[in-house]
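Both counts, for ligands and for their atoms, begin at 1 and track the order of listing. The analysis underlying the following values was restricted to heavy atoms, covering all of them including side chains, and did not include hydrogens, waters or symmetry mates. Treat the numbers as computed from the prediction; the structure is a model and nothing was measured. In this chain, numbering begins with 1 at the start of the sequence shown.
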Amino acid sequence: MLGHLPAQEYWEATSERNEKGKGFCVDNRAFRQAVELIDGAEHILVTTHTRPDGDACGCVAAMTQVLRGRGKTVRPLFVSPIPDWYAFLFEEKVPVLGESVQVEDLVGGRLGRIDLVVILDTNSYGQLPRFEDYLRRTDAPVLIVDHHVTSDKLGRVEIADHTAAAAGLVLFEFLKDVGWSIAGKVAEALFVAIATDTGWFHLRNTDSRVFRTCAELVDLGVDSNELYRKLYQTFSHARFKLMATMLDRLELHLDGRYASQYLVREDFERTGAAYRDTENMVNECQRIGSVVVAALFVELRDGRIRCSLRSRPKGEQAIDVSEIAAAFGGGGHKMAAGTYLPAPIGHAMQLIRDELAKRL
Ligand SMILES: [Mn+2]
């Protein structure tokens, strides 16, 4: 199964959508209740979903700094490691649950008292592996700031707006409404959250509310050019060589509508790239105009084949790739899904191609 998917993929997966650019869809009462919850707490734990993306990292960084600015003792915590390129958002190395911190440490109070838990960019147990154990065992109230449709209603107070392109947008509107300072690193972190969840303003969730918010953040001193460089122009040579290998292997099928690519173990050894370096690479070939569905097959260390699928609507033709993935025990969303397949890689590729041929 895939882990958490970026917001735009949830967004594109749902047809339900409010009028673009409305803004302020959250009831102000939730804002006031959130302030009460925060004001009543001294020691606050801040976390987000597994496989944190830019929205998740940006929100954790922003919320941590805002709460510290209000004199709170704040413990940011991730439930799985963050990509290296988001580390600049944090002044400290944020602990990861299951690495330097265990659930028992949280439950046993070995990290100190926690009287409020703030969860950003998710409201689902399924996105909080291990942390779920803690949530079920703690009496501390939970505050949610989120923009996903799926919800396990984890929060005593929930600031949730599924019409927002990013959780960072919801957090911005909350901070602005209650008059808490958005400046410096907080503004930068919120910009990263919103810009990354909209694919740097090119995905379909990019509405006028996104631009208005980001314009305000630029007025507050955010240097968008510098952030873009930090996030998208810092590939290692090894990672770039891996991408070049992948692109070299690209094949178009089904009248150019299906692009398949693959990487094998030897490619990682030869280039010196890491498995996590494949992140987002499957999307590269969507620059080819004819491509409707893209797939990347990666041979893992244990020999299994990880298949990532991406779909993009073209006219009336929209392929639900989660159905393709589900046919092989995987899952995901309409526009982004994945599954694991048995070796050999050629056979795995043939299975997906045959399944797609039925639909394309
Ligand atoms: Mn998000």
The Mn ion (ligand 1) to nearest N/O/S of Asp146 less than 2.8 Å: no
side-chain hydrogen bond (donor to acceptor under 3.5 Å, both in side chains) partners of residues 229-242, not counting sequence neighbours, each pair once: Glu226-Lys230
Summary of side-chain hydrogen bond (donor to acceptor under 3.5 Å, both in side chains) pairs that have at least one residue in residues 68-80, sequence neighbours excluded: Thr50-Ser80, Arg68-Glu92
Asp121 atom (N/O/S) at minimal separation from the Mn ion (ligand 1): OD1
Angle in degrees, rounded to 10°, that NE2 of His147 and OD2 of Asp55 form at the Mn ion (ligand 1): 90°
Atom name in Asp197, limited to N/O/S, at shortest distance from the Mn ion (ligand 1): OD2
Ionic contact status for Arg310 with Glu284, cut-off 4.0 Å: no
Tyr340 six-ring centre to Arg306 NZ/CZ under 6.0 Å and within 45° of normal: no
